[in-house]
Amino acid sequence: MPAGLIERYRDRLSLEPGDPVVTLNEGSTPLIPSPALSERVGAEVLLKFEGANPTGSFKDRGMTVAVSRAKGRGAEAVICASTGNTAASCAAYAARAGLRGAVIVPEGKIAIGKLAQALMHGARVVALRGNFDDALRIVRELSQKHPIELVNSVNPHRIEGQKTAAFEVVEELGEAPDALAIPVGNAGNVTAYWRGFQELGTAPILYGFQAEGAAPLVSGQPVAHPETIASAIRIGNPARWEEAMAAFTASRGRVAAVSDEQIIDAYQWLASCVGVFCEPASAASVAGLLAHGLPTVDHAPPPQRVVCVLTGHGLKDPDTAFAKAPSVINCENDLADVERAVFD
Ligand SMILES: *Cc1c(COP(=O)(O)O)cnc(C)c1O
């Protein structure tokens, strides 16, 4: 039986002894070698496919711990602001725990699969006429005013749960990779990986990638109106700003931007040439490696083995897939017609 994260790592997590375990057997996601990507990057690249989590993104790692702790504290409801995946995960774990869930999403700006999940799991879904940063500000205030647990990555238990991805990578490789490439939105995940690696006494180079139209960490100032096709990282004022920047510096890595065009190219190439379908935001990590290579500081040797985090599943966002993929070929119920359709 595959165990969830809490069962695997409880002694290294932040739960209290009496807390219940609210789990969907998240984690233990595949680390997939990619010879084709390795060749293009000039180093061995492995893909940590977080789309294989129960709700289709890495958010489940943090949510199992945050919702278990919330339930242990006697909370009756959980709330989050979300670009989509946190909402889906929060709704699922709330359902599992028998808690009420509420999610605030930017109106019209979240992928349709994520919305379907949040609704199906029975959360109250509120579409805000504002962006993610506005939604986060509002849920922070609401959770101060009402007895409702905030489960965004400002919640420390989220980071605790998410650090287990670093544990898995090191366990599977037998050592830390030389570098880790990761998309950065609210900057919770990069903070969590760094904590996980540090707790194991390791320090791979961290390469973070933001979308050009939503790259506050690259420009050094908040972006008032973030824009990118990669909706999961459309964030202008990351909550974990300082911690993420400290991690990039300490790891001798850096954060850089990639264009939507580079993101979409990587997204399509991964699906059609590597066999891995991730969502656009996830492809930012691959786009970043392809666009920026493996820079090092102080004449350090270039990394030889790189883990690239693919944060969420491609099925989350069918609209973008249909907009970018070739179309279906219609044909008559006739052998010759089908033959032409298949072989021409
Ligand atoms: C949440 C999310 C991110 C960004 O993670 P942060 O912790 O906000 O930096 C990237 N990709 C996907 C698919 C996500 O759901």
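These numbers come from a predicted model, not from an experiment. Order of listing sets the numbers, starting from 1, for every ligand and every atom in it.
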Residue pair N189 / Q162, side-chain donor-acceptor N/O under 3.5 Å:
yes

Short N/O distance, under 3.5 Å, between A187 and ligand 1?
yes

Does an N or O from S57, backbone or side chain, lie closer than 3.5 Å to an N or O of ligand 1?
no

Heavy-atom distances under 4.0 Å decide this one: backbone, side chain, both or neither, for E279 against ligand 1?
side chain

Are any of the N/O atoms in G185 less than 3.5 Å from those in ligand 1?
yes

For atom 5 (O) of ligand 1, what's the nearest protein heavy-atom neighbour? Residue, atom name and distance, please.
F58 CZ, 3.4 Å

Of all the atoms in ligand 1, which lie at a distance below 4.0 Å from a heavy atom belonging to N186?
6 (P), 8 (O), 9 (O)

Decide whether S259 and E212 meet the rule of one side-chain donor and one side-chain acceptor closer than 3.5 Å.
no

Contact atoms of ligand 1, heavy-atom distance to G188 under 4.0 Å
6 (P), 7 (O), 9 (O)

Residue, atom and distance of the protein heavy atom nearest atom 7 (O) of ligand 1 read N189 N, 2.8 Å

Take the angle between the ring planes of H292 and F209 and call it parallel below 30°, perpendicular above 60°, tilted in between.
parallel

Does R100 CZ have over 12 foreign heavy atoms under 6.0 Å away?
no

Do other residues, nucleotides or ligands put more than 12 heavy atoms under 6.0 Å from the CG atom of N333?
no

Determine the minimum heavy-atom distance between G213 and V223, stating which atoms define it.
O-CG1, 3.9 Å

Does a side-chain N-to-carboxylate-O contact under 4.0 Å join E227 and K109?
yes

Result for side chain to side chain contact (heavy atoms under 4.5 Å, CB included) between M63 and one of S68, C80, S89 points to S89

Within reach of ligand 1, part of N85 (heavy-atom separation under 4.0 Å)
side chain

Ligand 1 to K59, heavy atom cutoff 4.0 Å, flagged ligand atoms 1 (C), 2 (C), 3 (C), 14 (C), 15 (O)

Can you tell me if S153 has a non-hydrogen atom under 4.0 Å from ligand 1?
no

L128 and side chain to side chain contact (heavy atoms under 4.5 Å, CB included): which single residue from V105, V139, I104 fits?
I104

May I ask you to identify the nearest protein heavy atom to atom 12 (C) of ligand 1, giving residue, atom name and distance to one decimal place in Å?
T311 OG1, 3.2 Å

Short list, please: which atoms of ligand 1 are under 4.0 Å from a heavy atom of I233?
3 (C), 4 (C), 10 (C)

